Amino acid sequence: QVQLVESGGGLVQAGGSLRVSCAASGRTFSSYAMGWFRQAPGKEREFVARISRTGADTYYSDSMKGRFTISRDNAKNTVYLQMNSLKPEDTAIYYCAADPAVLRSRAAQAMASAYDYWGQGTQVTVSS
């Protein structure tokens, strides 16, 4: 089991950058692929990005590709999401999640149901 705690959210102007972090408890962090999702008010939870256990493979939602970068530091039990060129429509609560599965299709990687553990979320607000 792993516990996840996000941090680093806040208020930023459009065009700005922000990095959110997700710290995991336990010594098995490297056993999980990690994902970031977001949820805006009144909307469904949306896939943002995923990173494999070693960090060698990453996968992004098309709408975030090129602006967001997911990375991880297994020595620090932490996964990051660097967000650049932020837009007001990026405003949402950002959640990290852990998936213990070894292999998943790309379609499955983007599904919230693939992830067993979730953090409480961190609010990101982008002003226009």
Side-chain angles (χ1 to χ4, degrees):
Q1 190 168 354
V2 62
Q3 293 182 326
L4 305 172
V5 179
E6 300 93 336
S7 62
L11 175 64
V12 62
Q13 288 188 331
S17 298
L18 199 64
R19 188 179 79 162
V20 292
S21 303
C22 172
S25 65
R27 295 183 292 178
T28 60
F29 177 68
S30 59
S31 299
Y32 297 89
M34 299 297 296
W36 284 98
F37 288 76
R38 68 185 187 184
Q39 189 165 18
K43 294 189 176 182
E44 298 283 323
R45 191 165 295 193
E46 177 185 23
F47 171 73
V48 175
R50 175 184 170 105
I51 189 166
S52 63
R53 296 175 174 192
T54 64
D57 180 65
T58 57
Y59 177 48
Y60 296 90
S61 168
D62 285 345
S63 62
M64 271 68 96
K65 195 179 301 182
R67 297 191 300 125
F68 291 8
T69 303
I70 188 171
S71 61
R72 68 188 296 163
D73 185 338
N74 285 346
K76 295 182 178 179
N77 282 9
T78 302
V79 61
Y80 306 96
L81 183 69
Q82 176 69 42
M83 301 180 286
N84 298 328
S85 302
L86 283 162
K87 306 173 183 179
E89 51 263 44
D90 293 318
T91 295
I93 299 174
Y94 283 72
Y95 299 91
C96 68
D99 177 10
V102 175
L103 293 174
R104 287 200 190 275
S105 68
R106 284 305 197 202
Q109 290 176 15
M111 296 174 64
S113 58
Y115 298 80
D116 289 355
Y117 305 103
W118 292 81
Q120 83 291 346
T122 186
Q123 176 71 48
V124 172
T125 302
V126 184
S127 63
S128 57

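All figures in this text were calculated on a predicted structure; none of them were measured in a lab.
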Does NZ or CZ of R19 come closer than 6.0 Å to the centre of the six-membered ring of Y80, within 45° of the ring's axis?
-> yes
Closest non-hydrogen atom pair, A108 against A114 | O-CB, 3.4 Å
Heavy-atom side-chain proximity of M34 to L4 below 4.5 angstrom | yes
Same cluster (ILVMFWY, side-chain, under 4.5 Å), Y117 and F37 | no
Is the side chain of R53 donor-acceptor paired with the backbone N or O of S31 at a distance under 3.5 Å, no angle test?
-> yes
What heavy-atom pair brings I70 and V79 nearest, and what distance separates the two atoms?
-> CG1-CG2, 4.0 Å
Output for pair (S30 OG, D73 CG), nearest 0.5 Å, gives 11.5 Å
What distance do I93 atom CD1 and E6 atom CD have between them, rounded to the nearest 0.5 Å?
-> 10.0 Å
Shared ILVMFWY cluster between Y95 and L18, side chains joined below 4.5 angstrom?
-> no
Does R104 make a cation-pi contact with Y59, if we ask for NZ or CZ under 6.0 Å from the ring centre and within 45° of the axis?
-> no
Atom of S21, atom of T78 and distance for their closest heavy-atom approach = CB-CG2, 4.2 Å
Are any side-chain N or O atoms of T91 and backbone N or O atoms of V126, one a donor and one an acceptor, separated by less than 3.5 Å?
-> yes
How far does CD of Q13 sit from OG of S128, to the nearest 0.5 angstrom?
-> 9.5 Å
Do the ring centers of F68 and W36 come within less than 6.0 Å of each other?
-> no
Where do Y60 and A49 come nearest, in terms of heavy atoms and distance?
-> CD2-CB, 3.6 Å
So, the side chain of R72 versus the backbone of F29: is there a donor-acceptor pair under 3.5 Å, distance only?
-> yes
Please round to the nearest 0.5 Å and tell me the distance separating atom CZ of R106 and atom CZ of F47.
-> 8.0 Å
Taking the side chain as every heavy atom from C-beta outward, state whether S63 and E46 have any pair of such atoms under 4.5 Å apart.
-> yes
Over 12 non-hydrogen atoms of neighbours within 6.0 angstrom of CD in Q120 | yes
Do you know the tightest heavy-atom contact between S17 and S85?
-> OG-N, 4.4 Å
Carefully, step by step, assess R50 and Y115 under the rule side-chain hydrogen bond (donor to acceptor under 3.5 Å, both in side chains).
-> CA-CA 11 Å; R50 175 184 170 105; Y115 298 80; 3.0 Å; yes
Exercise: identify the closest heavy-atom pair between T28 and Y32 | O-CD1, 3.2 Å
Report yes or no: do V20 and V2 belong to one cluster of Ile/Leu/Val/Met/Phe/Trp/Tyr joined by side chain heavy-atom distances under 4.5 Å?
-> yes
How far does CE of M64 sit from CG of D90, to the nearest 0.5 angstrom?
-> 7.5 Å
Side-chain heavy atoms under 4.5 angstrom apart, residues restricted to Ile, Leu, Val, Met, Phe, Trp, Tyr: same cluster for W118 and V48?
-> no
S61 side, atom OG; K65 side, atom NZ - distance, nearest 0.5 Å = 8.5 Å
